[in-house]
Amino acid sequence: MLNTRLLVVLILSVALLVTDYKTDKLQPLRSALAYVVYPVQLLVNLPEDIYRFFNTSMMSYRKLKVENETLKRQQLINDVKLLKLAALEKENIRLRALLENSFKIGEQVLIAELLSVKLVPYEHLILVNKGSHFSVHAKQPVLDAHGVVGQVIRALPNESEIMLITDPDHAIPVQVNRNGLRTIAIGSGRMNRLNLPFLPNNADIQPGDLLVTSGLGGVFPQGYPVAVVDKFSVQPNKPFALIHATPTAKLDKIREVLIVWSHSTPVALTDEKPAMLKQDANDDK
Amino acid sequence: MTNNSAPLPYIFTLILAMAARIAPLPPILADINPDWVLLVLIYWSLATPEHTGVFSAWIIGLLVDVLTGRLLGQNALIYAVVCYFVVRLHKRIRHYPVPQQSVFVFFCLLLAYLLTYWLETLQGKSALSLHFWWPVFSGALFWPGVFILLRIIRIRG
């Protein structure tokens, strides 16, 4: 009795594992089960929510006023910068038109909040509170205000799993902002470090160099900051140099992230469409 | 034992265990955070093997797979195998003193983490660090606490 049950269950498990690994046919089943476990995730997130609620509602009037003023000033500065950006963007499109080069522009973003859960200790996965109900899908880039955070690896109905760029199984194509040198940055398993294992000892790279996404690979749009090189040491007896970089995104402190839809079709060269920015409705916190 | 008496504490403790499994702990504690769901399943398989067995462990495993973002079937397979051994041996294990049960639980967890290690590396995950194995030890150390707490819940509930 017990033996046959085990046998049935083993066969079922192996069938599920293989199907889930090779195809995405089990997505409906996973979505259905996700509804069952969603309350557990909310339960774990509850203390954090309560803390934040009290933190914001107990703030003094004076503190709020100060914060409001700094934010307004920040907004003004950002607006001025954006004015310049629009002009630069036009110029860039014109110059690229001269080179007969297509240009991808116009990205849609959605703000998602982190659920404070730790899925497995040996992987850098985070969970955010927007899922396929908001048409989030796998392989979307995720950013924060300072740089690239990671990519969506699985979208469930109410939440999605995001792999951080520091996960040991994550690789992101980057280029050095100073000279356009392209390479790949691989996660180290530590929150504050990326490895660049594929550059030769004579590569033109130095501490302080900003690494931006190169746009190769098709997941991350071009030009977002990823990391800053902080260590470059030559390994005389090995083919590649030892290079470490620190992610610019505050990976261990983020509360909110931006999920990006980059339009896969390049816009026409002369088209003057403004960059679409979709602000999420519930960013009132 | 009546049919109605088992499910409620069973479900309640498992929900708590799932919550503890994904609790956002500081890095050092997160490394030793054991598989609470498996510990609770081991307890219920020892205490009420006629209600809880291989099949329910499998279902719980599927839920944990979704909860922790694993391939569907990974934890299901592991929980089912471990609970099979527990149900098989429950008559003997139940009479062991608690420290000796901890040793048994240690081997259960070791089996579970070996299977996890195997399944994760089959998926092409890069080498897992030694931290991966700490929950095996911490889980065995936490067993007396889990055992006493769940026994209180079972008798009261």
Side-chain angles (χ1 to χ4, degrees), chain A residues 1-10 12-21 26-27 29-48 114-123 125-127 153-154 156 160-161 163 167-169 186-187 189-191 252, chain B residues 14-27 29-33 35 49 53-55 57-59 61-81 83-85 87-88 116-117 119-120 122-129 131-135:
Chain A
M1 179 61 181
L2 199 59
N3 290 338
T4 45
R5 257 192 227 172
L6 182 71
L7 195 66
V8 169
V9 155
L10 281 184
L12 270 175
S13 307
V14 172
L16 279 179
L17 278 169
V18 173
T19 339
D20 202 18
Y21 186 58
L26 291 179
Q27 197 58 38
L29 175 62
R30 188 182 282 274
S31 300
L33 290 175
Y35 279 110
V36 182
V37 296
Y38 188 52
V40 178
Q41 287 163 345
L42 289 186
L43 180 76
V44 173
N45 197 40
L46 198 62
E48 177 81 22
L114 237 73
L115 294 176
S116 54
V117 298
K118 177 97 180 156
L119 295 185
V120 277
Y122 49 89
E123 269 179 21
L125 292 179
I126 57 173
L127 208 62
I153 55 164
R154 202 177 271 139
L156 299 169
S160 37
E161 292 163 20
M163 183 180 269
D167 188 284
D169 285 310
I186 292 179
R190 283 165 52 181
M191 276 292 186
D252 44 356
Chain B
L14 277 171
I15 288 173
L16 279 187
M18 283 185 188
R21 176 86 198 260
I22 59 166
L25 299 169
L29 288 180
D31 275 341
I32 61 163
N33 194 19
D35 192 343
V54 172
F55 200 65
W58 189 74
I59 299 284
L62 271 189
L63 291 177
V64 171
D65 284 330
V66 177
L67 188 73
T68 59
R70 305 292 91 196
L71 282 186
L72 280 181
Q74 180 171 316
N75 281 309
L77 175 92
I78 292 161
Y79 289 178
V81 170
C83 283
Y84 169 80
F85 284 114
V87 173
R88 260 284 126 110
T116 312
Y117 187 85
L119 287 168
E120 294 275 355
L122 267 189
Q123 294 163 38
K125 295 277 167 66
S126 51
L128 298 165
S129 68
H131 295 188
F132 174 79
W133 301 102
W134 288 3

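Chain identifiers are assigned alphabetically (A, B, ...) following the order of the sequence lines, protein sequences preceding nucleic acid strands; residue numbering begins at 1 within each chain.
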Chemist: Is A/Val44 close to B/Pro24 at the side-chain level, that is, under 4.5 Å between some pair of heavy atoms?
Modeler: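 The answer is yes; the side chains approach within 4.5 Å.
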
Chemist: For A/Asn3 and B/Tyr84: C-alpha separation, side-chain torsions, deciding distance, then whether side-chain contact (heavy atoms from CB on, under 4.5 Å) applies.
Modeler: CA-CA 8 Å; A/Asn3 290 338; B/Tyr84 169 80; 2.5 Å; yes

Chemist: Under the side-chain contact (heavy atoms from CB on, under 4.5 Å) criterion, do A/Tyr122 and B/His131 qualify, and how do the steps go?
Modeler: CA-CA 8 Å; A/Tyr122 49 89; B/His131 295 188; over 6 Å; no

Chemist: Which region of A/Glu161, side chain (C-beta onward) or backbone (N, CA, C, O), has a non-hydrogen atom less than 4.5 Å from a non-hydrogen atom of chain B, or is it both or neither?
Modeler: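 Only the side chain of A/Glu161 comes within 4.5 Å of chain B.
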
Chemist: For the residue pair A/Pro121 and B/Ala30, what are the closest heavy atoms and their distance?
Modeler: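 Smallest interatomic distance, heavy atoms only, reads CB-O, 3.5 Å.
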
Chemist: Which atom names give the shortest non-hydrogen contact between B/Gln123 and A/Tyr21, and what distance separates them?
Modeler: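 Of all heavy-atom pairs spanning B/Gln123 and A/Tyr21, the closest is O-OH, 3.6 Å.
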
Chemist: Is there a side-chain contact between B/Met18 and A/Val40 (heavy atoms, below 4.5 Å)?
Modeler: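 Yes, their side chains come closer than 4.5 Å.
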
Chemist: Once you round to the nearest 0.5 Å, how far does CG of B/Leu71 lie from CG of A/Leu16?
Modeler: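 Going from the CG atom of B/Leu71 to the CG atom of A/Leu16 covers 10.0 Å.
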
Chemist: Looking at every heavy atom in both B/Thr68 and A/Leu125, which two are closest together, and how far apart are they?
Modeler: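 Between these two residues, the closest heavy atoms are O-CD1, 4.5 Å.
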
Chemist: Is there a side-chain contact (heavy atoms from CB on, under 4.5 Å) between A/Gln41 and B/Leu67 once you walk through the steps?
Modeler: CA-CA 8 Å; A/Gln41 287 163 345; B/Leu67 188 73; 3.8 Å; yes

Chemist: Can you find a pair of side-chain heavy atoms, one from A/Ser13 and one from B/Trp58, that are under 4.5 Å apart?
Modeler: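 A side-chain contact exists here, since the closest heavy-atom pair is under 4.5 Å.
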
Chemist: With a 4.5 angstrom heavy-atom cut-off, which part of B/Phe132 approaches chain A: side chain, backbone, both or neither?
Modeler: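 Only the side chain of B/Phe132 comes within 4.5 Å of chain A.
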
Chemist: Please classify the contact of A/Asn45 with chain B as side chain, backbone, both or neither, using a heavy-atom distance under 4.5 Å.
Modeler: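 Neither part; nothing is under 4.5 Å.
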
Chemist: At a heavy-atom distance under 4.5 Å, which candidate from B/Ile22, B/Asn33, B/Ile15, B/Leu119 has the highest pair count against chain A?
Modeler: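 Looking at each option in turn, the highest pair count goes to B/Ile22.
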
Chemist: Pair up each side-chain donor or acceptor in residues 30-38 of chain A with any protein partner under 3.5 Å, not counting sequence neighbours, and list the distances.
Modeler:
unit_1, atom_1, unit_2, atom_2, d
A/Arg30, NH1, B/Arg70, O, 3.2
A/Arg30, NH2, A/Asp20, OD2, 2.8
A/Arg30, NH2, B/Arg70, O, 2.8
A/Ser31, OG, A/Gln27, O, 2.9
A/Tyr35, OH, A/His133, NE2, 3.1

Chemist: Please walk me through it: do B/Val81 and A/Val9 pass side-chain contact (heavy atoms from CB on, under 4.5 Å)?
Modeler: CA-CA 9 Å; B/Val81 170; A/Val9 155; over 6 Å; no

Chemist: By a 4.5 Å heavy-atom criterion (distance strictly below it), what part of A/Leu17 contacts chain B: side chain, backbone, both, or neither?
Modeler: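 Contact with chain B involves both backbone and side-chain atoms of A/Leu17.
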
Chemist: Which bit of A/Glu123 comes within less than 4.5 Å of chain B, counting heavy atoms only: side chain, backbone, both or neither?
Modeler: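 Side chain only.
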
Chemist: Looking at B/Gly69, is its backbone amide N or carbonyl O close enough to the side chain of A/Arg154 to form a donor-acceptor pair, meaning the two atoms are under 3.5 Å apart?
Modeler: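 Looks like yes, one N/O pair under 3.5 Å.
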
Chemist: Which atoms of B/Leu122 come close to chain A, meaning under 4.5 Å heavy atom to heavy atom: side chain ones, backbone ones, both, or neither?
Modeler: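 Contact with chain A is through the backbone of B/Leu122 alone.
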
